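Keep in mind that what you see is a predicted model, and the values were worked out from it rather than measured.
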Amino acid sequence: MMNKSMQWITAVTIAILGIAWLGYLLWEKAPIEAGSFKLSDLTNLLTIIIAGFSLYVAVAAYQQSIQDSQEQQKSLEASRSQLQAVVDSLSQQSGTLANNLEASRNLLDVQKEQRTVLADSLETMKALLQLQKEERARAQEVANRKPKLEAYIGDKLIENGSIDVELKVKGDTPTNTFVFWLKNIGSASLKNARIMATAPRKTVYLHLTAAQYHDQDNSHWSQLQGEEILPHKSSGKRFGYPLLISGLHNLKSNDKFDIIWDVTAESLESPFRIVMHFNFIRE
C-alpha cells in the first residue's frame, strides 16, 4: 500500500490536472454557450481522470513493489545473518573438533610412549626377577653346602642323640679304650671343629689319645681342637676318635656312668651332642 504522503501528492496532481483541463476548455469555449460541450470533450476529461487514476494505481503498485523489495531485502538480510551464524557455529565446531582431534592424537602418542615405557619396565623387571631367582638359587646351594654329622659305635649308628653301651672289663682292669666314630654326610667340610668328651658324674677319667688339652692325666674331660672332618661323599671315610677311660677299678659291676660328646664349629647350625649311657660289668 502507498504511504499517505504519496497518496496526497497523487490526488493533488489529479485534481490540478483536472482543473487545468477544465480551465483550458473554458478558455477555448469562452464565451460558453449552451450546448457548446461536445462528447469528445467529456471523453477527454474522462480519459484524463482514468489516466490520473492509472497513474495513482501505477504509483501505488510501484510503492508496493518497493516495500515488498525492502521486506524481501530485510528477509534476505535476516536469512543471511542466520546463515552466517550457522557458518560461524560450524566453523567454531570445526575448530573445536580439530582441537579435539589434535588432543586425541597427542594423547594417543603419550599412551604409545607409556606402553613402550611399561614394556621396557616389564622386561627390566623380568630380568631382575630372573637375576634374583638365580641369586637365591646360588645362595640356597651355598646354604645347602653344610656339614652334617652322624655318630657311630663300631658300625652301629647312634640315633636320637643317645645310646646305651655295655662296658665289660676283666678282673681289676683299670682302663678301657673304645673308638667314637663321626661321619660327615653333608656337602661341605667341617673345619676347625672342637671335639670334647666329658664324664659329668666324675666317676671315671677320660683321655682322647690325640688330645691337646686336658687338666691332667686324671681328668674328667678331654678335647681335640681344630679338627677337620671331610664329607663322606668325597673322602669315602669316617673319622675315629679313640677315648681312653680310666679309673674303672673304682667301679663295681652294674655301676652306671655317662660320657657326653660335644662337637662344635662355626659351620654347624647347632652343637652336635651324643650322650652315652654306660653300664659297667666286671667279668
Does V169 belong to the same Ile/Leu/Val/Met/Phe/Trp/Tyr cluster as L251, with side-chain heavy atoms less than 4.5 Å apart forming each link? yes
Check whether more than 12 heavy atoms from other residues, nucleotides or ligands sit under 6.0 Å from atom CD of E266, and answer yes or no. no
For K148, is the NZ atom crowded, meaning more than 12 foreign heavy atoms sit under 6.0 Å from it? no
Heavy-atom side-chain proximity of T173 to H249 below 4.5 angstrom: no
If I take atom CD from residue E228 and atom OG from residue S235, how far apart are they, to the nearest 0.5 angstrom? 10.0 Å
Would you call E77 and R80 a salt bridge, using N to O less than 4.0 angstrom? yes
How many angstroms lie between atom OG of S121 and atom CG of L128, to the nearest 0.5 angstrom? 11.5 Å
Could you go through E227 and R194, starting from their C-alpha distance and side-chain angles, then the distance that decides it, and tell me whether this counts as salt bridge (charged side-chain N to carboxylate O under 4.0 Å, His left out)? CA-CA 6 Å; E227 292 296 301; R194 183 178 70 118; over 6 Å; no
I need the N184 CG to K146 NZ distance, nearest 0.5 Å. 13.5 Å
For the atom pair CG (L97) and OG (S104), what is the distance rounded to the nearest 0.5 Å? 10.0 Å
Less than 4.0 Å between a side-chain N and a carboxylate O, is that true for R138 and E135? yes
Side-chain contact, heavy-atom cut-off 4.5 Å: D155 with W181? no
Same cluster (ILVMFWY, side-chain, under 4.5 Å), F178 and L244: no
Sidechain N-carboxylate O distance under 4.0 Å for R115, E113: no
Pairwise side-chain contact, I259 with L243, heavy-atom cut-off 4.5 Å (strictly under): yes
Less than 3.5 Å apart, any donor N or O on the side chain of D88 or Q84 sitting next to an acceptor on the other? yes
Using the rule given for side chain to side chain contact (heavy atoms under 4.5 Å, CB included), can you reason through L190 versus S267, listing the C-alpha separation, both sets of side-chain angles and the distance that settles it, and then say yes or no? CA-CA 7 Å; L190 179 65; S267 55; 3.4 Å; yes
From CA spacing to verdict: salt bridge (charged side-chain N to carboxylate O under 4.0 Å, His left out), E134, R136: CA-CA 5 Å; E134 294 174 358; R136 284 196 299 269; over 6 Å; no
Approximate separation, where rounding is to 0.5 Å, of I229 CD1 and S189 OG: 9.5 Å
For D172, is the CG atom crowded, meaning more than 12 foreign heavy atoms sit under 6.0 Å from it? no
Donor-acceptor pair, S91 side chain versus V87 backbone, under 3.5 Å? yes
Does the side chain to side chain contact (heavy atoms under 4.5 Å, CB included) test come out yes or no for Q132 and L129, once each step is laid out? CA-CA 5 Å; Q132 291 177 346; L129 288 174; 3.7 Å; yes
Hydrophobic clustering (ILVMFWY, side-chain heavy atoms < 4.5 Å, transitive) - are L268 and I158 grouped together? yes
Taking C-beta and beyond as the side chain, do N250 and T203 meet within less than 4.5 Å on heavy atoms? no
ILVMFWY network linking L149 to W261, side-chain heavy atoms under 4.5 angstrom: yes
Can you measure from CD1 (I260) to CE (M276) and round to the nearest 0.5 angstrom? 11.5 Å
Could you tell me if the side chain of N279 sits less than 4.5 Å from the side chain of D164, heavy atoms only? no
Do N176 and L248 have side chains that get closer than 4.5 Å, going by heavy atoms? yes
Will you find, in the side chains of D258 and H277, an N or O donor that is under 3.5 Å from an N or O acceptor? yes
Check this for me: D120, atom CG, are more than 12 non-hydrogen atoms of other residues, nucleotides or ligands nearer than 6.0 Å? yes
pair W221-M196: side-chain heavy atoms closer than 4.5 Å: yes
Under 3.5 Å: donor-acceptor pair, side chain of R282, backbone of G171: yes
Please check if I245 and I153 belong to a single hydrophobic cluster, counting links between Ile, Leu, Val, Met, Phe, Trp and Tyr side chain heavy atoms closer than 4.5 Å. yes
Between F180 and F239 (judged by ring centroids, cut-off 6.0 Å), do the two rings come close enough to count as a pair? no
Contact check, side chains of L167 and F257, non-hydrogen atoms, under 4.5 Å: yes
